[in-house]
Amino acid sequence: EANPMGAVNVLMRDRVTLLAAACVLLIWTALNGIQTNFFSYVELVYGWGREKSSILLAAAGVVISASQGIGPKTLSPRLGTAGTVKVGMALIGFGYIGMAVAPNGSLF
């Protein structure tokens, strides 16, 4: 099991594990797309330079790190693992949608 195909076999054993892995793959793909296109997007749409864009990305990184460190510790005892995962996926989904539809840089 300590090889790529062994890991795929472990994922395929359980539908929940497979779906969770698929969600992580989609979120990771979206995150990489955002990081790749972020500077060009905010420059084109909002007229931001590299400095302002970098500050926003740094702030987002701090929020993401804090939420990954604090969120599960406080939510898991109350909601359980499945509930915590659902809340996390909903919040990140709302965040991505909010970024996509923000009409100006202040709301972005």
| query | Does any non-hydrogen side-chain atom of Y46 lie less than 4.5 Å from one of Y41? | reply | yes
| note | Rounding to 0.5 Å, atoms CG (N9) and CG (N3) come to a distance of 8.0 Å
| query | F39 and L44: same hydrophobic cluster, using ILVMFWY side-chain contacts below 4.5 Å? | reply | no
| query | Same cluster for V45 and L56 if Ile/Leu/Val/Met/Phe/Trp/Tyr side chains link at under 4.5 Å? | reply | yes
| remark: Heavy atoms of T84 and P72 approach each other most closely as CG2-CA, 4.1 Å
| task | Can you see which heavy atom on P77 is nearest to which on K73, and at what distance? | result | CD-O, 3.2 Å
| field | Results of side-chain hydrogen bond (donor to acceptor under 3.5 Å, both in side chains) for S67 - residues two or more places apart only | value | none
| field | Joint hydrophobic cluster, L57 plus V42, side-chain heavy atoms closer than 4.5 Å | value | yes
| message | Holding to side-chain contact (heavy atoms from CB on, under 4.5 Å), I want the full list of residues that pass it with T17, two or more places apart in sequence or in another chain. | response | L11, D14
| said: Under 4.5 Å side-chain heavy-atom separation, chaining through any Ile, Leu, Val, Met, Phe, Trp or Tyr, what else clusters with L91? Say none if it is isolated. | reply: L75, L79, V87
| field | Closest non-hydrogen atom pair between S53 and W48, with its separation | value | OG-CB, 3.8 Å
| query | Are L31 and V85 joined in one hydrophobic group, where the rule is that I, L, V, M, F, W and Y side chains link up if heavy atoms are under 4.5 Å apart? | reply | yes
